[in-house]
Amino acid sequence: MNRWLESENMRLRAPEPEDLDLLYTMENDTTLWSVGTTLLPYSRHTLRQYIQQTSGDLYSERQARFVIELKDGGQAGMIDLADYNPFDSRAEVCIGILGKYRSKGIATEALTLLKEYATGYLGIHQLYAYITAEHTASKKLFEGAGFLHTCTLKEWKRDGDDFVDVELYQWLKKHNKY
């Protein structure tokens with residue numbers, strides 16, 4: 001197994017057809033929609049096609065999705081590199097952890113693995129995350145991984161009838177070591 005995507009406790013791997021239930025659960029969890037960009041539920045058919053059609057080519061798809069698989073075989077969630085820009089050498093990080101796996105250090109370890117892979121193996125210079133201002137757990141996760149809050153985007157995201165601020169967190173390879 002690739003040392004970049006594996007630790008003593010977990011590995012990050014590409015989604016397989018057997019992960020359909022995990023994707024279905026995560027993409028259709030409406031409590032996660034407020035922190036992402038999902039507007040409608042996904043069907044099993046659509047997600048099955050996504051898994052089948054993903055080439056795994058970061059350069060053509062501009063994203064890479066990983067299942068967070070624990071060594072005991074449990075699937076704790078997903079972590080993604082999204083909006084990959086090879087010219088500017090940056091990518092967005094998105095992470096979702098299933099409820100029963102939260103507050104156990106899994107997100108921290110998965111983010112560390114992804115950061116090491118993205119910057120050490122892929123040579124990406126910058127990782128960033130958009131986090132809604134009230135999402136303190138995510139801010140704590142990214143701050144703990146060395147990401148800095150660099151700006152606030154005022155009323156950036158709709159939340160029902162209101163608009164909420166979104167904070168940009170950035171991690172620059174040249175200023176950090178993994």
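- Interatomic distance, CE of M10 versus CG of L70, reported as 5.5 Å (0.5 Å rounding).
- Between R13 and D19, at least one side-chain N (NZ, or NE/NH1/NH2) sits under 4.0 Å from a carboxylate O, which counts as a salt bridge.
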*asked:* side-chain hydrogen bond (donor to acceptor under 3.5 Å, both in side chains), that's the test. Do Y84 and Q63 meet it? Break it down for me.
replied: CA-CA 6 Å; Y84 173 59; Q63 68 175 3; over 6 Å; no
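- The pair E27-R65 meets the salt-bridge criterion, with a side-chain N (NZ, NE, NH1 or NH2) lying under 4.0 Å from an Asp/Glu carboxylate O.
- Hydrophobic clustering (ILVMFWY, side-chain heavy atoms < 4.5 Å, transitive): L153 and F163 are in distinct clusters.
- Looking at K173, its side chain does come within 3.5 Å of a backbone N or O of T119 through a donor-acceptor pair.
- Note that CD1 of I131 and OG1 of T136 are 10.5 Å apart. Values are rounded to the nearest 0.5 Å.
- Between the side chain of D80 and the backbone N or O of A82, no donor-acceptor pair lies under 3.5 Å.
- In the hydrophobic cluster analysis, where Ile, Leu, Val, Met, Phe, Trp and Tyr join through side-chain heavy atoms closer than 4.5 angstrom, W171 is grouped together with W4.
- Considering only heavy atoms from C-beta on, T152 comes within 4.5 Å of K154 through its side chain.
- Of all heavy-atom pairs between P15 and I51, the closest is O-CG2, 4.1 Å.
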*asked:* The test is side-chain contact (heavy atoms from CB on, under 4.5 Å); show your working for Y50 and L23 and say whether it passes.
replied: CA-CA 10 Å; Y50 165 77; L23 264 72; 3.9 Å; yes
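- In this structure, H45 contributes its side chain and L47 its backbone to no donor-acceptor pair below 3.5 Å.
- At least one donor-acceptor pair under 3.5 Å links the side chain of S89 to the backbone N or O of H125.
- Taking both residues in full, the closest heavy atoms of A76 and I106 are given as CB-CG2, 3.7 Å, listed atom of the first, atom of the second, then distance.
- In this structure, F147 has its ring center under 6.0 Å from that of F142.
- A distance of 8.0 Å separates OG in S7 from CG in L12, rounded to the nearest 0.5 Å.
- Checking side-chain atoms of N85 against main-chain N and O of D88 turns up a donor-acceptor pair under 3.5 Å.
- Checked by atom type and distance alone, the side chain of K157 never pairs as donor or acceptor with a backbone atom of T132 at under 3.5 Å.
- The residues E6 and K71 are annotated as salt-bridged, a charged nitrogen and a carboxylate oxygen being separated by less than 4.0 angstrom.
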*Begin with the C-alpha distance, continue with both residues' side-chain angles, and end with the deciding distance and a verdict on side-chain contact (heavy atoms from CB on, under 4.5 Å) for L98 and T25.*
CA-CA 9 Å; L98 294 172; T25 298; 4.0 Å; yes
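- With hydrogens and angles ignored, the 3.5 Å screen pairs a side-chain donor or acceptor of R102 with a backbone N or O of I97.
- Of all the heavy atoms in D165 and E155, the pair that sits closest is OD1-N, 2.8 Å.
- For the pair Y128 and R90, the tightest heavy-atom approach, listed with the atom from each and the gap, is CE2-CD, 3.9 Å.
- A salt bridge is defined here as a Lys NZ or Arg NE, NH1 or NH2 lying under 4.0 Å from an Asp or Glu carboxylate O, and R44 with D21 meets this definition.
- Rounding to the nearest 0.5 angstrom, the gap separating the CG atom in L122 from the CG atom in L127 is 9.5 Å.
- Here H149 contributes atom NE2 and E143 contributes atom CD; the two are 9.0 Å apart, rounded to the nearest 0.5 Å.
- Between Y24 and N28 the shortest heavy-atom distance is O-ND2, 2.9 Å.
- The main-chain N or O of V164 is never found under 3.5 Å from a side-chain atom of D159 such that the two would form a donor-acceptor pair.
- The heavy-atom pair separating V67 from Q75 by the smallest distance is CG1-CG, 4.2 Å.
- Note that CG of L81 and CD1 of I79 are 7.5 Å apart. Values are rounded to the nearest 0.5 Å.
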*Just do the side-chain contact (heavy atoms from CB on, under 4.5 Å) check on T150 and Y169 with the steps written out, would you?*
CA-CA 6 Å; T150 55; Y169 280 76; over 6 Å; no
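- Judged by distance alone, the side chains of E167 and Y130 never bring a donor and an acceptor atom under 3.5 Å apart.
- Here the side chains of L148 and Q170 are not in contact, with every heavy-atom distance at 4.5 Å or above.
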